[in-house]
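First up is the structure itself, then whatever we jot down about it.
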Amino acid sequence: MALVTMKEILDDAMRKNYAVGAFDTMDRITTEAIMTASEKKGTPVILMVVPPCVEGPDADLFMSYLVERCRRSTVPVALHMDHAPSYEYCVKGIKYGCTSVMFDGSSLPYEENVAITRKVIETAHACGVTVEAEIGHVAGHEGNMLDGNVADPSAYTTVEEALQFYKDTGVDCLAVAIGTVHGVYKGTPNIDYDRLDAIKEELPIPIVLHGGSGLVDEDYRKLVAHGINKINFFTAMTLAGAEAVRKLVEETPKFQMTDVIAAGQKAEEEIVSHHINVFGTLPVHADL
Ligand code: 13P
């Protein structure tokens with residue numbers, strides 16, 4: 001039974017100063033890549049689904065597979081709903097077995113973000129589910145990930161709003177905007193480490209970094225050293241899988257579907273594995 005809450009995973013990461021990778025999946029191949037990489041390393045992992053995964057006729061089948069895969073995992077795994085845009089999506093995530101949900105009210109007026117986050121927390125905590133929220137706004141959207149995005153310094157999280165938001169909601173962990181973007185970067189990322197230090201100093205909860213793709217290894221190490229405990233990572237992983245498939249198609253005269261799947265999965269597993277190392281994720285301990 002390795003399906004745990006995100007709080008259990010992140011509490012350990014915060015105590016021991018490492019980060020855990022949180023990888024988005026929308027299909028079985030990517031899920032197996034993420035889970036296999038984590039199981040080989042013996043490290044905890046956060047498996048994230050996006051809102052479309054809990055909609056439509058396939059939702060029940062896909063979510064049932066994910067829950068069962070997590071339960072059978074040899075490492076602790078939190079099944080997390082990433083970027084839920086409403087209370088209703090958070091409830092759907094919980095209904096389908098997520099042990100953690102993110103309500104993303106970062107584009108809403110402050111009071112509305114607080115009000116919905118509080119409502120989500122009330123429901124989620126009653127079900128033993130962890131809640132993440134976002135204050136400030138991490139630019140870029142997954143749907144637009146290939147076009148290139150730039151961080152907007154005016155949307156960076158301030159220490160005051162982070163602290164006030166924590167006091168107003170009691171959220172379990174908080175995503176902050178400090179210079180990363182979702183998707184591919186237009187230009188060079190400019191991370192505000194001083195801002196991160198100041199936020200970390202004030203908040204007693206794990207701090208989450210969105211837009212994990214596109215940084216160099218040194219950036220990740222520095223982010224972890226400055227107190228990031230959860231790193232959301234998607235674009236580079238899916239592009240690595242797609243690139244491996246492209247290469248296979250271009251270079252191999254004859255292949256079958258299983259070769260395509262194997263090539264994509266292997267490339268995704270390799271990049272996840274590399275980032276588990278760079279994030280400094282510690283192997284499972286008896287007390288987790
Ligand atoms: P990237 O796609 O930029 O890695 O960001 C992922 C993310 O933050 C998902 O919430």
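All ligand and atom numbering here is 1-based and tracks the order in the structure. On a predicted model such as this, the values are computed, not experimentally measured, just so you know.
Of the polar atoms of Gly211, at least one N or O is found under 3.5 Å from an N or O of ligand 1, judged by distance alone. For ligand 1, the polar-atom distance check against Met48 finds no nitrogen or oxygen pair separated by under 3.5 Å.
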* To do: Report the C-alpha separation of His182 and Asn232 in whole Å, then their side-chain angles, then the decisive distance to 0.1 Å, and conclude whether the side-chain hydrogen bond (donor to acceptor under 3.5 Å, both in side chains) test is met.
  => CA-CA 9 Å; His182 289 111; Asn232 284 23; 5.8 Å; no
* Please step through side-chain hydrogen bond (donor to acceptor under 3.5 Å, both in side chains) for the pair His137 and Asp152, ending with a clear verdict. => CA-CA 9 Å; His137 183 67; Asp152 171 11; over 6 Å; no
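Using a 30° and 60° split on the angle between ring planes, Phe165 and Tyr110 fall in the perpendicular class, above 60°. Under the 30°/60° scheme for interplanar angles, the aromatic rings of His226 and Tyr193 are found to be tilted.
Counting heavy-atom neighbours within 6.0 Å of Lys7 NZ, excluding the residue itself, gives a total of 12 or less. By the 6.0 Å contact criterion, CD on Glu122 is open, its count of non-hydrogen atoms from other residues, nucleotides or ligands being 12 or less.
Close approach of ligand 1 to Gly183 is summarised as follows: ligand atoms under 4.0 Å from at least one heavy atom of the residue are 1 (P), 2 (O), 3 (O). For ligand 1, the atoms sitting less than 4.0 Å from at least one non-hydrogen atom of His210 are 8 (O), 10 (O), numbered in the order shown with element in parentheses. Of all atoms in ligand 1, numbered sequentially from 1 with element shown, those under 4.0 Å from a heavy atom of Thr235 are 1 (P), 2 (O), 3 (O), 4 (O). Ligand 1 places these atoms under 4.0 Å from at least one heavy atom of His83: 10 (O). Close contacts between ligand 1 and Val181 involve ligand atoms 3 (O) [criterion: under 4.0 Å to a heavy atom].
Contacts between Asp82 and ligand 1, counted as non-hydrogen atom pairs separated by less than 4.0 Å, involve the side chain only. Neither the backbone nor the side chain of Met237 has any atom closer than 4.0 Å to an atom of ligand 1 (non-hydrogen atoms only). Only the side chain of Asp24 comes within 4.0 Å of ligand 1, judged by heavy-atom distances. By the criterion of a heavy-atom distance under 4.0 Å, the backbone of Phe233, and not its side chain, is placed next to ligand 1.
Atoms CD and CD, from Glu270 and Gln265 in turn, are 11.0 Å apart once rounded to the nearest 0.5 Å.
Checked against the 6.0 Å centroid threshold, Phe103 and Tyr87 do not count as a close aromatic pair.
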